[in-house]
Each structure stands twice: as C-alpha cells, then as structure tokens.
2 protein chains.
Amino acid sequence: MRSYGQFCGLARSLEVIGDRWTLLVVRQLLIAPARYRDLAEGLPGIATNLLADRLRNLEAAGVVERRLAGTGSVVEYALTPWGAELRGPIESLIRWSTPLMVRGPEGDSFRAEWLTLAVPALLSARVEVRTPAAIGLEVGGPPLRLSVTDSGVEVVPHDGRALDATLRADPAHLLGLAAGAFTLDDARALGLLAIDGDEAAVRAAFAA
Amino acid sequence: MRSYGQFCGLARSLEVIGDRWTLLVVRQLLIAPARYRDLAEGLPGIATNLLADRLRNLEAAGVVERRLAGTGSVVEYALTPWGAELRGPIESLIRWSTPLMVRGPEGDSFRAEWLTLAVPALLSARVEVRTPAAIGLEVGGPPLRLSVTDSGVEVVPHDGRALDATLRADPAHLLGLAAGAFTLDDARALGLLAIDGDEAAVRAAFAA
DNA sequence: CCGCATCCTCATGGATACTG
DNA sequence: CAGTATCCATGAGGATGCGG
C-alpha cells in the first residue's frame, strides 16, 4: 500500500490493513489460526497470489506470524497480540454493517464460522445482564455453540457438550435477532426460527 | 468497489468504506461538515477526481449527504446519521494505531484538526473518572480546546473562552500522553511539553 | 496434493490539465 | 470554485505452472 503521508492514526492504520482483502484475512485468523488452504477456503473469491501477498505484508507489518503447527513441518498462520487487537475495530464495523445485512444473503456465499465474530459483536453491545447459558446454533453448515458466561459471550464450534437449548434459523434472521432488529416472538410467529429445549435461556441470551 | 460476494458484516462494510481514501473522507466529515475545497485541503495528497468519486459513492451508499449550506447556493457535504456512526470504528482504528504513531511524523503532513478525533478516542478509552475542565492545546496549527465534562471528552477549535490551563507540545507527544504511553512528569522533565495555568486540571484530564 | 509464483488482461488509482 | 477529462502507473483477477 502506498503511503498517505499523513500523521494521523486512521491513515497509518489503513496503510497496514487498508488493502483489499486484508481485513478479511484478519477476520479469518480471528476465528482461528489457519493454514493457507483453510484461509483460501474461508475467503471465497480471493486469488491465490493475493492471499500470499496479503499474508506476506501482514507478517512484515507485525500483524500475523507464520509458525509451525502441531508436531511437524506444517506451516500455520496466526495473529500476533497486536493483530488480535483488531477484534475491536472489526466488531465495530460488523455492528455498523447491520443495515447492510438485513437485506439478506442475496446469493452471497456464507460460512457459519463468520458468526463466531458477528453474534458476539452484536450481542455484547446490546445485552447488559448476562445469564450463563449454552445454546446450540444451527444455521446451515457446522453446528455452533453460543456460550454465555459472566465474563462474556462467545460462539465456538459445537463439540457435543450439553446444551440448554438449540436454535435453528437462517443466518440473516439470527443476525437480526442478535442485533435486536426484531423480537424473538415475531420471528417465531413468522416461522423464521425454531427453538428446542429451554426457551427462557434463549430469551435471556438475546434479551428478547 | 467490486463486491466480495460474502454474506458477512465486515465484507459488506468494506464494500461501502473499503476503497482507498474513503474512510479518510469520512474522518474529515466527522471533524465537521465541509465544502469540496475544505475536504481537498484536509486530505493532502488526494487527487481531485478521486475525491469527487468517493463523495459520489458515499452519497449513493447513504453515508454522506450533499446539502445547501447557509443562506444560498453553497454546496456542503455532511454525514448522514448512519455515516456518523462510523465514529466508533474509526476511533477503534485510531486506538489500534498507537504503535504506528509513536515513531512520530517522519515528514508526514499534519493538521491539528485531526486531533479532534484522536485525543478523545485515546482518552475516553483510558480515563474513567472525569473532572470537568477546559484545557487549551497548542500543537502547531490553529489552537484547540480539550473540553472534559460529565458527559464526555471532546476537542474543538478554541474560540477564546476561559481555560483552566494550556498545554503546548508537538503532536506526537500529545498523542503519547493521551494514549498513556508515558507520564506527564517524564514528558515534562524531557522538555517535551509545557503547561501554563492549573497543572492539576491537566493531570486529572490525562489521568497522569 | 499444498503452497505458492508467473503471466496476462482489465480495472482502479494518481497526477495534471482543463472547463462550466 | 467545484469538479471533469485525460493519460500513465499500479494493482486486482483469473488461469496455469511448478517445486516440495
């Protein structure tokens, strides 16, 4: 990226993460450290040369580090501590995007893993009191678990542990619910989502 | 901007504000509504065709609106309510940029008005208890006033009102102080800044 | 296979001149 | 003053190649 030549924090940030695709690469690594192939899968549409270029630049800037995963010679990419601090800006942009998401997927590709960032970003900005709960999320793709604890909200791949309830919906409606754009009752009356198990737990988690 | 084709809030945000220069245009309008000429001045380095293009796109996206300022036929650009909500993401990126700012200007251009975003972004994330105060800031360029009230922290052009104190420093040191990167005592011992008036007010404002 | 590098084509950005 | 028009440089996208 060519320099803006401005002594301004925003301009300096954009010189690091302002290139096309760059922040989406960070998004993927915020979901989990990953190999090149996983990144290419999680970033539908990216050209392989661009992915390689972005990873190189992010590493040079100190946002990403290459490391050897597991036992052997498998290269893995992960965020540095400073890179991981991009969670704040990214969650902030996800919240800002709510008006852009309500129109639904419209043929765009979707991966359930993206919800691991979006749902906590939307919920934690809106729900103040937290009742601990574990809620399964089925939105198409691998099942997820929304985990509400005293220390915060997170969404992780579901590993078969015990759940208080399970919520099944399409991604757009789950996001709308997390954003508080409509109520759980309305959504359910319209058949947009289904709940199994302890409904009160779901209601508390979404403050709906 | 070409679509990423991903049903993800971050991707959809970047389709609106991800183009080069775009978020810097928003920065300028967050400082104050402005005419074309003011924007060109506040965005050193931008080409006129790009500024016109970005304003067109931002208007089409609903982030910016053109309006007639004052009495007559003078066109002015301002953020829509949704556009103004980009303050959160932008402040978040400014905080993230702290490690990029400590190396100083290095020949980059600087405008005092950029501090009206940066200083509150850094201070309000770090200082919890607020003692109301009005502190003049002299950093090169037009004088500013840091205004601390119960409701928040803001930096505005100084209009000659009464001040509790005045702080003179170069931009990099003021940012370091606002970020808590070093203490007021250290900075002053090194001759990096000077205070006139009520020193305790300055100390309280910066929690130093 | 996986992890890129190369090559080519087309879109976008940048600098500057110009116009209503 | 507020932009357009133009022309050149750079970067993105897509296909393919290639070494480990």
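Naming: A, B, ... by sequence-line order, numbering from 1 per chain. Only this structure's heavy atoms are used, side chains among them; waters, hydrogens and symmetry mates stay out.
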CA sep, side-chain torsions, deciding dist, call: Glu154(B), Ser147(B), side chain to side chain donor-acceptor pair (under 3.5 Å) = CA-CA 5 Å; Glu154(B) 62 175 355; Ser147(B) 165; 4.5 Å; no
query = Which residues within residues 1-14 of chain A lie with some heavy atom under 4.0 Å of an atom in DNA chain D?
reply = none
request  = Give, ordered by number, those residues of residues 34-41 of chain B having at least one heavy-atom distance below 4.0 Å to an atom of DNA chain D; if nothing qualifies, reply none.
outcome  = Arg35(B), Tyr36(B), Arg37(B)
inquiry  = Give the residues of residues 16-30 of chain A touching DNA chain C, defined as any heavy atom closer than 4.0 Å, sorted by residue number.
reply    =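 Result for residues 16-30 of chain A: none.
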Axis deviation across the helix from dC1(C)-dG20(D) to dG20(C)-dC1(D), five-pair ends, to the nearest 10° =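 Taking five pairs per end, the axes differ by 30°.
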key: Partners meeting ring pair (Phe, Tyr, Trp, His ring centres under 6.0 Å) with Trp114(B) (sequence neighbours left out)   =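 Per chain and number, Trp114(B) pairs via ring pair (Phe, Tyr, Trp, His ring centres under 6.0 Å) with no residue.
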ask   = Under the ring pair (Phe, Tyr, Trp, His ring centres under 6.0 Å) test, which residues partner Tyr4(A), sequence neighbours left out?
value =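 Tyr4(A): ring pair (Phe, Tyr, Trp, His ring centres under 6.0 Å) contacts with Trp21(B).
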task = May I ask you to verify if any side-chain N or O of Arg66(A) is less than 4.0 angstrom from the OP1 or OP2 atom of dC4(C)?
result =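 Yes.
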task = Name all pairs fulfilling the side chain to side chain donor-acceptor pair (under 3.5 Å) condition that reach into residues 39-50 of chain A, sequence neighbours left out, sorted by first residue then second.
result =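 Residue pairs passing side chain to side chain donor-acceptor pair (under 3.5 Å), neighbours aside: none found.
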query = For Tyr77(B) and Ala47(A), take the nucleotide of DNA chain D holding the closest heavy atom to each; which residue's nucleotide lies nearer the 5' end?
reply =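 Whichever sits nearer the 5' end wins; that is Tyr77(B).
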inquiry  = Could you tell me the boundaries of the chain A footprint on DNA chain D, defined by atoms under 4.0 Å from its heavy atoms?
reply    = dA12(D) to dG14(D)
Gln28(B)-Arg111(B) side chain donor-acceptor pair, cut-off 3.5 Å = no
inquiry  = Any donor-acceptor pair under 3.5 Å linking the side-chain atoms of Glu65(B) with those of Thr80(B)?
reply    = no
Determine yes or no for a side-chain-to-main-chain donor-acceptor pair under 3.5 angstrom, with [X] supplying the side chain and [Y] the backbone.
X: Asn57(A); Y: Arg54(A); result: no
X: Arg126(A); Y: Ala178(A); result: yes
X: Trp82(B); Y: Trp96(A); result: yes
X: Arg130(A); Y: Ser124(A); result: no
X: Arg12(B); Y: Leu100(A); result: yes
X: Gln6(B); Y: Pro44(A); result: yes

inquiry  = Taking side-chain hydrogen bond (donor to acceptor under 3.5 Å, both in side chains) as the definition, give me every residue that meets it alongside Ser109(A), ordered by chain and number, with sequence neighbours left out.
reply    =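 Expected list: none.
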inquiry  = A quick test of your reading: do over 12 heavy atoms of other residues, nucleotides or ligands sit less than 6.0 Å from CZ of Arg103(A)?
reply    =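 Atom CZ in Arg103(A) is crowded, with more than 12 foreign heavy atoms closer than 6.0 Å.
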request  = Locate the shortest heavy-atom distance separating Ala205(B) from Val127(B); write the atom from each residue and the value.
outcome  =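 Residues Ala205(B) and Val127(B), closest heavy atoms: O-CG2, 3.8 Å.
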Can you give each donor-acceptor pair under 3.5 Å made by side-chain atoms of residues 163-172 of chain A, sequence neighbours left out, with the distance rounded to 0.1 Å?
unit_1	atom_1	unit_2	atom_2	d
Asp164(A)	OD2	Ala134(A)	N	2.8
Asp170(A)	OD1	Ala172(A)	N	3.2
Asp170(A)	OD1	His173(A)	N	3.1
Asp170(A)	OD1	His173(A)	ND1	3.2
Asp170(A)	OD2	His173(A)	ND1	2.8

inquiry  = Rounding to an integer number of Å, can you tell me how far Glu59(A) CD sits from dG3(C) C1'?
reply    = 14 Å
Between the protein and nucleotides 5-7 of chain C, list the N/O to N/O atom pairs that are separated by less than 3.5 angstrom.
unit_1	atom_1	unit_2	atom_2	d
dA5(C)	OP2	Arg56(A)	NH2	2.6
dA5(C)	N6	Thr48(A)	OG1	2.9

inquiry  = Checking Arg95(A) now: which residues fulfil side-chain contact (heavy atoms from CB on, under 4.5 Å) with it, not counting sequence neighbours?
reply    = Glu91(A), Ser92(A), Ala121(A), Leu122(A), Ala125(A)
